[in-house]
Asks: 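Okay, here's the structure, questions in a sec.
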2 protein chains.
Amino acid sequence: MRDENFCNSNCPFTRAIGTIGNKWKPIIINVMGTRTIRFGQLDAIIPNISRKVLTEQLKELEEDGLLERIAYKELPPRVDYKLSEKGLAFLPILEAIKKWQGKFEKIETVNSN
Amino acid sequence: MRDENFCNSNCPFTRAIGTIGNKWKPIIINVMGTRTIRFGQLDAIIPNISRKVLTEQLKELEEDGLLERIAYKELPPRVDYKLSEKGLAFLPILEAIKKWQGKFEKIETVNSN
DNA sequence: TATTCTGGTTACTATTGGGTAACTACTAAT
DNA sequence: ATTAGTAGTTACCCAATAGTAACCAGAATA
């Protein structure tokens with residue numbers, strides 16, 4: 001969940017960390033990328049996330065304007081998610097994190113599975 | 001604390017999030033910046049962090065190679081912290097987050113305190 | 001002699017995060 | 001009549017996180 005103190009901070013950077021500074025949100029944003037994706041797909045692709053937590057995180061990301069939720073009035077239900085302009089603008093930051101990680105984590109990767 | 005599953009993931013991005021994807025670490029790295037800073041200063045500057053948690057986070061950041069801890073054999077004790085090359089390389093990412101936040105959070109800031 | 005200074009550590013406790021399993025709605029297919 | 005399928009929600013529970021307060025060393029200062 002979001003940290004209320006962080007989100008209400010007078011410091012913009014702290015507020016930003018309150019918004020995206022947890023373990024699941026960067027993962028979710030990264031998996032979504034530029035595509036439109038359904039709830040069930042996210043649940044299947046992201047390892048070890050429960051539907052409960054996925055629901056919570058998606059709801060917060062929507063509230064914070066990072067993604068859009070499009071629910072079709074069908075049965076069985078269908079819900080699409082896609083990143084908003086703000087969410088898309090966050091993707092380059094995730095790419096920078098990947099580069100950073102790659103640069104300083106040269107060793108290993110040999111016996112990883 | 002670090003998430004073991006994330007840190008042992010086969011996905012480098014997930015490992016990166018396991019390393020820096022929590023609320024305190026980006027804050028600490030940002031406060032440190034390019035300077036050398038003492039434990040007590042960090043404790044005083046970072047709002048609402050307890051010494052216990054600060055100690056834990058600093059220890060993990062050191063283990064993950066993001067910062068260096070320099071303890072002087074003095075009394076009363078003196079310990080300096082400063083970012084390593086890896087930690088310094090993370091600063092531009094934090095700057096990008098600030099820009100991103102600034103771009104999409106234009107409104108308000110009027111009655112905030 | 002008592003206090004201050006620094007960078008912690010420890011024990012205890014409260015709060016939160018997150019996992020599991022069961023359940024829902026409604027239609028279509030078997 | 002039953003089952004499958006989707007996107008959740010709900011209740012329950014356990015483990016992890018973080019906060020608080022007390023304590024430590026050992027020299028310097030009052």
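Since the structure is predicted, the reported quantities are computational estimates derived from the model, not experimental observations. Convention: sequence-line order gives letters A, B, ...; per-chain numbering from 1.
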Asks: Reading DNA chain D from 5' onward, which residue's closest nucleotide shows up sooner: A:R38 or A:K52?
Replies: A:R38
Asks: Send over the distance from A:D43 CG to D:dT6 C1', rounded to a whole Å.
Replies: 11 Å
Asks: Quick one: is B:K73 getting a side-chain N or O under 4.0 Å of the D:dG26 phosphate, OP1 or OP2?
Replies: no
Asks: Using atom CG of B:L54 as one end and atom P of D:dT17 as the other, report the distance to the nearest whole Å.
Replies: 17 Å
Asks: Separation of A:E60 atom CD from C:dG18 atom C1', in whole Å?
Replies: 13 Å
Asks: I want to check something: taking the side chain as every heavy atom from C-beta on, are B:L83 and B:F90 in contact at a cut-off of under 4.5 Å?
Replies: no
Asks: Starting the side chain at C-beta, find the nucleotide from D:dA7, D:dG19, D:dG26 nearest to B:V53.
Replies: D:dG19
Asks: By nearest heavy atom, map A:R69 and A:L75 onto DNA chain D; which one lands nearer the 5' end?
Replies: A:L75
Asks: Looking at every strand, decide which applies to A:N5 at a 4.0 Å heavy-atom threshold: base, sugar-phosphate, or nothing.
Replies: nothing
Asks: OP1 or OP2 of C:dG17 less than 4.0 angstrom from a side-chain nitrogen or oxygen of A:R2, does that happen here?
Replies: no
Asks: Should the ring pair B:W24 and A:F6 be called parallel, tilted or perpendicular, given that the plane angle runs from 0 to 90° and is split at 30 and 60?
Replies: perpendicular
Asks: Between B:T19 and B:R15 (side chain of the first, backbone of the second, donor and acceptor by atom type, cut-off under 3.5 Å), is there such a pair?
Replies: yes
Asks: Charged N to carboxylate O below 4.0 Å: is that the case for A:K98 and A:E95?
Replies: yes
Asks: Taking CZ from B:R78 and C1' from D:dG26, how many angstroms apart are they, rounded to a whole number?
Replies: 17 Å
Asks: Under 4.0 angstrom, heavy atoms only, what part of the nucleic acid is B:Y72 near: base, sugar-phosphate, or nothing?
Replies: nothing
Asks: Say you draw a straight line from CG of A:L54 to CG of A:D43; how long is it, rounded to the nearest 0.5 Å?
Replies: 6.0 Å
Asks: Rounded to whole angstrom units, what separation is found between the CG atom of A:N22 and the P atom of C:dT16?
Replies: 16 Å
Asks: B:P76 side chain: which of D:dA7, D:dT9, C:dT6 is closest?
Replies: C:dT6
Asks: Over how many whole Å does the gap from B:E74 atom CD to C:dG8 atom P extend?
Replies: 13 Å
Asks: Specify the residue among A:W24 and A:R51 whose closest nucleotide of DNA chain C lies further upstream toward the 5′ end.
Replies: A:W24
Asks: I need the OH-P distance between B:Y81 and C:dT6, as an integer number of Å.
Replies: 15 Å
Asks: 5'-most contact on DNA chain C: A:Q57 or A:P77, nearest heavy atom basis?
Replies: A:Q57
Asks: For A:E56 and C:dT20, what is the distance between atoms CD and C1' respectively, to the nearest whole Å?
Replies: 14 Å
